[in-house]
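What follows is a set of notes on a single structure, which appears directly below.
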Amino acid sequence: MTRGRRHRGALVALLLLAACQRTTGTLDAEQQRRFEAEGIVRRAVDLPIRRTREGTWKESLASIVVTKQRVVIHQDDYFWLEITPRSTGVYEVARDHERLSLRAGSGTSATSWSFRPPDDPAGWAEDVRTVIRGSAGAKRRARDRIRERRRLRRWR
């Protein structure tokens, strides 16, 4: 085998290897356009994320997109979690040093996703909280708390 053929063979092998590498951040064109239209605030691709549910946990790679209106944790086109202005669930985010934990649901049916953002954990936490505060469920719970306070004041 000549030297040129070996180099070409090595180059072809490297190109094939690069083409076969998988990423969890792949979105279809429509989803990508939607996220860009909402204004992407934060994005992380191929993060190790620990998902805890019903007392068991599993760690795998996933991607996160935070826009001004939405938080999505996904593997390619499969969304594990999506928080939008129409979401009615209970969500909260906690920060422990460099790690964030995003919890969805309550009680034993809750699921949490724990990850280390690539940069600025405090900024990530605040951006996720902003989306949560804008969700329908958070607004409804805030209204309920105000009504309850008013009701209690009447009974004093």
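What you see below is based on every heavy atom in this structure, not just the backbone, and it leaves out hydrogens, waters and symmetry mates. Index from 1, following the sequence.
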Exercise. Thinking salt bridges, do Glu36 and Arg33 make one under a 4.0 Å N-O criterion?
Worked result: no
Problem set entry | Residue pair Ile73 / Ile49, side-chain heavy-atom distance below 4.5 Å | yes
Problem set entry | Euclidean distance, Asp46 CG relative to Leu61 CG, rounded to 0.5 Å | 5.5 Å
Problem set entry | Side-chain donor-acceptor contact under 3.5 Å, Ser101 with Ser114 | no
Exercise. Should the pair Asp96-Arg99 be classified as a salt bridge under the 4.0 Å nitrogen-to-oxygen rule?
Worked result: no
Problem set entry | Exam field: side chain Asp28 to backbone Glu30, donor-acceptor pair closer than 3.5 Å | yes
Exercise. Do Ile40 and Val72 sit in the same hydrophobic cluster, where Ile, Leu, Val, Met, Phe, Trp and Tyr count as joined when their side-chain heavy atoms come under 4.5 Å apart?
Worked result: yes
Exercise. Closest heavy-atom contact between Ser135 and Thr84?
Worked result: CB-O, 3.6 Å
Problem set entry | Heavy-atom check, side chain of Trp57 versus side chain of Ser112, under 4.5 Å | no
For this session: Drop me the distance from Lys139's NZ to Asp144's CG, to the nearest 0.5 angstrom.
Result: 14.5 Å
Problem set entry | Donor-acceptor pair, side chain of Thr23 and main chain of Gly25, under 3.5 angstrom | yes
For this session: Report yes if the side chains of Phe115 and Arg50 come closer than 4.5 Å at any heavy-atom pair, otherwise no.
Result: no
Exercise. Under a 4.5 Å cut-off applied to non-hydrogen side-chain atoms, are Val128 and Leu102 in contact?
Worked result: yes
Exercise. With side chains defined as the heavy atoms from C-beta onward, is the minimum distance between Ile64 and Trp80 less than 4.5 Å?
Worked result: no
For this session: Inspect the surroundings of CZ in Arg42 and state if more than 12 heavy atoms from other residues, nucleotides or ligands are less than 6.0 Å away.
Result: yes
For this session: Working to the nearest 0.5 Å, report the span between CD of Glu98 and CG of Asp120.
Result: 9.5 Å
Exercise. Would Glu126 and Arg133 pass as an ion pair if we require N to O under 4.0 Å?
Worked result: yes
Exercise. Does a side chain donor of either Arg140 or Thr88 reach within less than 3.5 Å of an acceptor in the other side chain?
Worked result: no
Problem set entry | Euclidean distance, Phe35 CZ relative to Arg70 CZ, rounded to 0.5 Å | 6.0 Å
Exercise. Of all heavy-atom pairs between Glu59 and Pro48, which one has the smallest distance, and what is that distance?
Worked result: OE2-CB, 3.8 Å
Exercise. Do His74 and Val65 have side-chain heavy atoms sitting under 4.5 Å apart?
Worked result: yes
Problem set entry | Whether Arg53 side chain and Gly55 backbone form a donor-acceptor pair below 3.5 Å | no
For this session: Flag the pair Asp127 and Lys68 as a salt bridge only when some basic side-chain nitrogen lies within less than 4.0 angstrom of an acidic carboxylate oxygen.
Result: no
